[in-house]
Number of protein chains: 2
Amino acid sequence: MKRRSLEDSDCPIARSLDRIGDWWSLLIVRDALLGKRRFGDFQKSLGLAKNILTTRLRKLVADGVMTLAPASDGSSYQEYVLTEKGRELLVTLVALRQWGERHLFAPGECDNFLVDAEHGEKLAPLRIAAKDGRPLRYDEVKLTSRPRSTGARRSPRKTSH
Amino acid sequence: MKRRSLEDSDCPIARSLDRIGDWWSLLIVRDALLGKRRFGDFQKSLGLAKNILTTRLRKLVADGVMTLAPASDGSSYQEYVLTEKGRELLVTLVALRQWGERHLFAPGECDNFLVDAEHGEKLAPLRIAAKDGRPLRYDEVKLTSRPRSTGARRSPRKTSH
DNA sequence: CCGTATCCATTCCGATACTG
DNA sequence: CAGTATCGGAATGGATACGG
């Protein structure tokens, strides 16, 4: 059985992971958010084999996370730039980064930070909040599933988590 | 060359991905946050082979994301429960989920949501904010790296992204 | 019910060589 | 510089059988 029964999972988390849950893709997006655009930039930065980078970039483009654009300098090559969809992964990356800073580094060990460009201060920690803005703890969050919209069109499904 | 030169990467994102960047781990954490604790629960829910689940759970425990606890019911088995470190992955999961809901589902297709347990309303979208709370767009965020703390102890490094 | 051990197929990845 | 082509080794994943 193939592992990718998940690309159409009902769970948005699973679907997201199907797109960018692999090891390299998020790092490519990270670099792209920091301004990298060229094949060679990604390759040097990540140190991965070129053929793999090729397949990853292709998948990101196919999934609408990046687009090919004409080179910004004179050169005749193309550049890989994030789409709006891709740029919105920044939230996920910030979440990963903040978790890592908090739990995967010794105090004072981490020497690089995401900052507010204007004031140069570290970002505020991401907060999970209710609609009205009230912060929520993990145990104040629940999963609900709305019954499948219109009559019995599809075969029954389990809830998706 | 092995791919895991990243477990000690200077970049918190890379380190985080080294711990939970694999495909199954985050889904296990997801289920755990929703209350699942037993080996069999995870296995049924995720539909993965038992040996793989074993290795994943072991790694999560080794990394301090989960702990083994005595069974809450009478049984003699152990249960896997999240540590505080593990629970804090909720933010990352919410980020992935919101991205997926926004970009990977047709309008109205997604039928399950994370809600505020008290009022049953969808969570507010996560916002990236400066220290003072001001919301930031992706291009108002910058990476800085502080020079390595004390004198030239280590060999020079590139900035880590 | 909770795993461990084994086997096999597939995939992934890195290295290298090659093209425009 | 920006890829493509190919190769071999390693890791991954699923199925199954087995043991506590």
Side-chain angles (χ1 to χ4, degrees), chain A residues 1-7 9 14 17-29 31-32 35-63 66-82, chain B residues 1-7 9 14 17-29 31-32 35-63 66-82:
Chain A
M1 187 202 294
K2 265 307 299 334
R3 173 259 220 90
R4 298 307 158 110
S5 50
L6 292 300
E7 77 188 51
S9 166
L17 288 173
D18 181 69
R19 304 325 196 269
I20 43 75
D22 106 273
W23 213 90
W24 293 116
S25 301
L26 272 180
L27 293 179
I28 293 172
V29 172
D31 280 358
K36 294 203 170 51
R37 327 179 59 149
R38 299 283 285 257
F39 188 93
D41 294 337
F42 295 118
Q43 210 235 323
K44 274 199 297 289
S45 164
L46 300 172
L48 82 177
K50 288 191 286 189
N51 48 2
I52 300 183
L53 179 56
T54 300
T55 62
R56 286 301 181 279
L57 286 172
R58 234 198 277 291
K59 182 171 193 315
L60 289 171
V61 169
D63 286 339
M66 304 189 92
T67 334
L68 282 164
S72 50
D73 61 354
S75 89
S76 64
Y77 296 108
Q78 294 203 295
E79 301 187 337
Y80 297 86
V81 303
L82 292 168
Chain B
M1 188 204 296
K2 264 306 296 340
R3 174 259 221 91
R4 298 305 159 110
S5 52
L6 292 299
E7 79 189 51
S9 166
L17 288 174
D18 181 69
R19 304 325 196 270
I20 44 75
D22 104 275
W23 213 91
W24 292 115
S25 301
L26 273 180
L27 293 179
I28 293 171
V29 172
D31 280 358
K36 294 201 170 51
R37 328 178 57 148
R38 298 285 285 257
F39 188 93
D41 293 337
F42 294 117
Q43 210 235 323
K44 275 199 296 286
S45 165
L46 300 172
L48 82 177
K50 289 190 286 186
N51 48 1
I52 300 183
L53 180 57
T54 300
T55 62
R56 287 300 180 279
L57 287 172
R58 234 199 276 291
K59 182 171 193 313
L60 289 171
V61 170
D63 286 339
M66 305 190 92
T67 334
L68 283 164
S72 50
D73 59 353
S75 88
S76 64
Y77 297 108
Q78 295 202 294
E79 301 186 341
Y80 297 86
V81 303
L82 292 169

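Below, chain A is the first sequence line, B the second, and so on; all start at residue 1. Atom set for the values below is all heavy atoms of this structure, side chains included, hydrogens, waters and symmetry mates excluded.
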Dot-bracket notation for DNA chain D is requested: 5' to 3', Watson-Crick or G-U wobble pairs only, both distances under 3.5 Å, with ( ), [ ], | and . as defined. ||||||||||||||||||.|
Send over the distance from K36(A) NZ to dA2(D) P, rounded to a whole Å. 13 Å
Pairing residues for R38(B) by the salt bridge (Lys or Arg N to Asp or Glu O under 4.0 Å) criterion, not counting sequence neighbours: D73(B), E79(B)
Separation of dA2(D) atom P from L53(A) atom CG, nearest Å, is 10 Å
When rounded to whole Å, the CZ to C1' distance for the pair R56(A) and dA2(D) reads 18 Å
Just one of V81(A), V29(A), L57(A) clears the side chain to side chain contact (heavy atoms under 4.5 Å, CB included) bar with M66(A), so which one? L57(A)
Of all residues at least two apart in sequence or in a different chain, which pass the side-chain hydrogen bond (donor to acceptor under 3.5 Å, both in side chains) check with D22(A)? S25(A), R56(A)
Is there a side-chain contact between D41(B) and D31(B), using heavy atoms and a 4.5 Å cut-off? no
Integer-rounded Å distance: dG13(D) C1' and D22(B) CG: 12 Å
With a 4.5 Å cut-off on side-chain heavy atoms, are I20(A) and L60(A) touching? yes
What is the distance from NZ of K44(A) to C1' of dG3(D), rounded to the nearest Å? 14 Å
Write down the protein N/O and nucleotide N/O pairs, taken from nucleotides 3-6 of chain C, whose separation is under 3.5 Å; answer none if there are no such pairs.
residue: dG3(C); atom: OP2; partner: Y80(B); partner atom: OH; Å: 3.4
residue: dG3(C); atom: N7; partner: K50(B); partner atom: NZ; Å: 3.3
residue: dG3(C); atom: O6; partner: K50(B); partner atom: NZ; Å: 2.8
residue: dT4(C); atom: OP1; partner: R58(B); partner atom: NH1; Å: 3.2
residue: dT4(C); atom: OP1; partner: R58(B); partner atom: NH2; Å: 2.9
residue: dT4(C); atom: OP2; partner: T54(B); partner atom: OG1; Å: 3.4
residue: dT4(C); atom: OP2; partner: R58(B); partner atom: NH2; Å: 3.0
residue: dT6(C); atom: O4; partner: N51(B); partner atom: ND2; Å: 3.1

Could you give the CD1-to-P distance, from I52(B) to dA15(D), as a whole number of Å? 9 Å
Protein-nucleotide distance (L48(A), atom CG; dT4(D), atom P), rounded to Å: 14 Å
Between P on dG14(D) and CD on Q43(B), what's the gap in Å once rounded to a whole number? 11 Å
Mind checking whether Y80(A) and F39(A) have parallel, tilted or perpendicular rings, split at 30° and 60°? tilted
Would a 4.5 Å heavy-atom cut-off, applied to side chains only, mark V61(A) and T67(A) as touching? no
Do L27(B) and L48(B) come close enough that some side-chain heavy atom pair is under 4.5 Å? no
